[in-house]
Amino acid sequence: MDRALERTKILSNHLVQSSSRQILSTNACLSYSPPELAEAFNFDVKEMRQLLDGHNLQDRDWLFNLIMQSRLFNPTKRGGKVFVTPDYNQTKEMQREITMKRIDYLLERGVFRGWLTEKGSQAELKKIALQEVTSIFDHSLSIKIGVHFFLWGGAILFFGTKRHHDKWLRDTENYVVKGCFAMTELGHGSNVRGIETVTRYDSNTGEFVINTPCESAQKYWIGGAANHATHTIVFSQLEINGKNQGVHAFICQIRDADGNVCPNIRIADCGHKIGLNGVDNGRIWFDNVRIPRENLLNSVADVSPDGQYLSSIKDPDQRFAAFLAPLTSGRVTIASSAVYSAKVGLAIAIRYSLSRRAFSVKPNEPEVLLLDYPNHQRRLLPLLAKTYAMSSAANYLKIIFVNRTPQSIKTIHVVSSAFKAILSWHNMRTLQECREACGGQGLKTENHIGHFKGEFDVQSTFEGDNNVLMQQVSKALHSEYIAAQRKNIPFQGFGLEHMNKPCPVIPSQLTSSTLRSSQFQMDAFCLRERDLLSRFVAEVSQLQAKGETKEIAFMQSYELAEDLGRAFSDRTILQIFIEAEATVSTGSLKNVVGLLRSMYALICLEEDAAFLRYGYLSMDNAAAVRKEVMKLCSELRPHALALVSSFGIPDAFLSPIAFDWIDANSWSSEHQ
Ligand SMILES: Cc1cc2nc3c(=O)[nH]c(=O)nc-3n(C[C@H](O)[C@H](O)[C@H](O)COP(=O)(O)OP(=O)(O)OC[C@H]3O[C@@H](n4cnc5c(N)ncnc54)[C@H](O)[C@@H]3O)c2cc1C
């Protein structure tokens, strides 16, 4: 039989075998054009995308197109479709060079215009949106861009003053200088205050002298340092007249314009990694390197020409906190790109599950579509609902970040820490489930999901290890509680205002309609958070009363701290999602968002053992929650394709198994 005819027959069998509801989905899955798909859905996918992406949709589409137009992004034909593909068949050296070439291409087309020189929330949102798009193509590309703009550029913006802005920002935006950010050392990562690099001031020459005093002080993991960066921000202990003034940041040149390493600097490579090999992570040693006094980034503290240390912030703890503020922008972009990566995994796995069949369950019946297996729904649809909720959360985080004020800095720090951790963990979990849901095809690198696991794994470690960040969240809530108690004032930060109200009561028997009401869902989340916070405060106080230091008391109460960090994050995300839902006008879209919100809330109730451990839910109620999750799965099933289409990811950024995988794997298509 003619091969094309044979293929048509196989595919039409898929359609004929489907129930009418499935025909909608499968048919749509096998026809490629998004407008045609939209007609088959019972809500407007464009409107849903607006809700999800929140901002700069046209800018995102512009960048998607720029990427698709260039051969630099490996357009590869598979079956009838072209995909842009990351560089999994290349050495790390080749990946690094192509990443730089891609940056040059984007630079020439004006993608980075205004990223550091334009001010205002709109400019910042656009920058973040464009960076999200680069991360869908290749995490290395977005991290290489992120280190240069958000870490190096962000440090100059936030730590520097006018003299630094005038000198460095435009050259950074144009890549005349290539920046990196050297905070971590071999011996100290999470514990930044423990770093050992030392900078002393020489008042005879008006210079700072930076030194790496021992091997554990070598700068480690510095993105851009191994090959391309010309300059770095160096974090080091500042020593003035023999007194340590704590960690400060300096600008230091490490290579000349021809790429030669500068005198008294030594650089080595961090080597091959499990992913992200397009980023040239390096190690740096400073052998008494001299830099001008003006290279101290002096927004928080300065040193006068005659060597006097000057700072308006007298408290070393507060001074140190001010130095870490630029890391917030990194956490914001990690959180938002983690959600995007989860969307790619889900779009591929769900599309595949709508065209792949396995086993027939009745004699002479066709094989069953993967997504019609209840357990396959159970694996993917709760993760889909979480991704929706977390999309809203990422949008909220971006909005509070770009509209930050001195009063909101603390909240942004806590929310960005919590969301960076929770969203990046969610991404890894989702990618693993999606990989397995695609069976053997999930193992093919061209199908992205497995490849993404290696690429995005680092998100849980850099810019604040997730576990350490979650401890910080709980400590911040603890301080808030103590302050409210001491001053005898109501709670007024971090969304803890619910603690001023009477404690919510969970009904002894939960009906389906109660379980789906946002009031019940918020009550359950608030109950858990307020109880865990009270328990955490009580446990820490008891330990302190026994003579332990506050730090040791925190350390020993780590289980409650972990539970509390999650409770705070889940409650905040649910609250944001409920507010996003309220912006949707009544109709089919709102109904689906309501299903997603209920799924998000109930799956959190089911997954967190704290609800049973501390008795917020009875065994009967926990069983009712579980049953409701199953019902929600079957109600979300007909919308699955529309829900992943609403992500707005162009087909070229997905993979062959998301479309006509028979064609993509046919002999004729592979031997054209
Ligand atoms: C690919 C990559 C790129 C990077 N890019 C840069 C860069 O450009 N610039 C830069 O400065 N850094 C960079 N980093 C470094 C990164 O920020 C650090 O790896 C991170 O801060 C963690 O530090 P660490 O590796 O020393 O781990 P550690 O801090 O040693 O942590 C190891 C483990 O101990 C646990 N732990 C630590 N402290 C505690 C505690 N108090 N209580 C309980 N558990 C604890 C952590 O949870 C973690 O699981 C990069 C790292 C990687 C892998």
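In listed order, ligands and their atoms are each counted from 1. Basis for what follows: all heavy atoms, side chains included, without hydrogens, waters or symmetry-related copies.
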- request: Go through ligand 1 atom by atom and flag the ones less than 4.0 Å from a non-hydrogen atom of Asn467.
  value: 47 (O)
query: Numbering the atoms of ligand 1 from 1, which are under 4.0 Å from a heavy atom of Gly189?
result: 21 (O), 23 (O), 24 (P), 26 (O)
Exercise: do Glu196 and Ser216 side chains pair donor with acceptor under 3.5 Å: yes
query: Would you say the side-chain atoms of Tyr175 and Asp104 include a donor-acceptor pair closer than 3.5 Å?
result: no
message: Less than 4.0 Å from atom 30 (O) of ligand 1, is there any heavy atom belonging to the protein?
response: no
Backbone or side-chain N or O of Val468 under 3.5 Å from ligand 1 N or O: no
task: Please determine, by modelled atom types, if Gln544 and Lys550 share a side-chain donor-acceptor pair under 3.5 angstrom.
output: no
task: Measure Gln471 to ligand 1 on non-hydrogen atoms and call it side chain, backbone, both or neither using the 4.0 Å cut-off.
output: side chain
Atom 4 (C) of ligand 1 protein-contacted, heavy-atom criterion under 4.0 angstrom: yes
query: Do you see a donor-acceptor pair shorter than 3.5 Å between the side chains of Ser341 and His139?
result: no
- prompt: For Lys273 and ligand 1, does the shortest N/O to N/O distance drop below 3.5 Å?
  reply: no
field: Min N/O separation Asp465 to ligand 1 under 3.5 Å
entry: yes
message: Salt bridge or not between Arg102 and Asp87? Use side-chain N to carboxylate O under 4.0 Å.
response: yes
- prompt: Based purely on interatomic distance, does Trp221 place a nitrogen or oxygen under 3.5 Å from a nitrogen or oxygen of ligand 1?
  reply: yes
message: Is it true that Trp152 and Thr232 share a donor-acceptor pair across their side chains at a distance under 3.5 Å?
response: no
task: Write down the atom of Val234, the atom of Cys252, and the distance for their closest heavy-atom approach.
output: CG2-CB, 3.7 Å
task: Could you list the atoms of ligand 1 found under 4.0 angstrom from a heavy atom of Glu463?
output: 17 (O)
field: Short N or O distance, Ile222 and ligand 1, threshold 3.5 Å exclusive
entry: no
Per-atom contacts of ligand 1 with Asn281, taking only distances under 4.0 Å to non-hydrogen atoms: 1 (C), 3 (C), 4 (C), 5 (N)
- prompt: atom 28 (P) of ligand 1: which protein heavy atom is closest, and how many Å away?
  reply: Ser190 OG, 3.7 Å
message: Under the criterion salt bridge (charged side-chain N to carboxylate O under 4.0 Å, His left out), I'd like the reasoning laid out for Asp280 against Lys92: C-alpha separation, chi angles, the key distance, then a yes or no.
response: CA-CA 8 Å; Asp280 50 320; Lys92 80 175 182 342; over 6 Å; no
Closer than 4.0 Å: a protein non-hydrogen atom to atom 20 (C) of ligand 1: yes
query: Are a donor atom and an acceptor atom from the side chains of Ser337 and Glu132 found within less than 3.5 Å of each other?
result: no
field: Test item: side-chain donor near acceptor, Ser391 and Lys343, under 3.5 Å
entry: yes
query: Side chains of Gln459 and Trp425: is there a donor and an acceptor less than 3.5 Å apart?
result: no
message: Need the ligand 1 atom indices (1-based, order shown) with element for anything under 4.0 Å from a heavy-atom of Met183.
response: 11 (O)
query: Going by atom types alone, do Tyr309 and His248 pair a side-chain donor with an acceptor below 3.5 Å?
result: yes
task: Output yes when the distance from some N or O of ligand 1 to some N or O of Val458 is under 3.5 Å, and no in every other case.
output: no
- request: Under 4.0 Å, heavy atoms only, figure out whether ligand 1 is touched by the backbone of Thr184, its side chain, both or neither.
  value: both
query: With atoms numbered from 1 as shown, which atoms in ligand 1 lie under 4.0 angstrom from a non-hydrogen atom of Gly223?
result: 7 (C), 8 (O)
task: Evaluate the 4.0 Å heavy atom contact test for atom 8 (O) of ligand 1: does a protein atom fall under the cut-off?
output: yes
query: Does the protein put a heavy atom less than 4.0 Å from atom 26 (O) of ligand 1?
result: yes
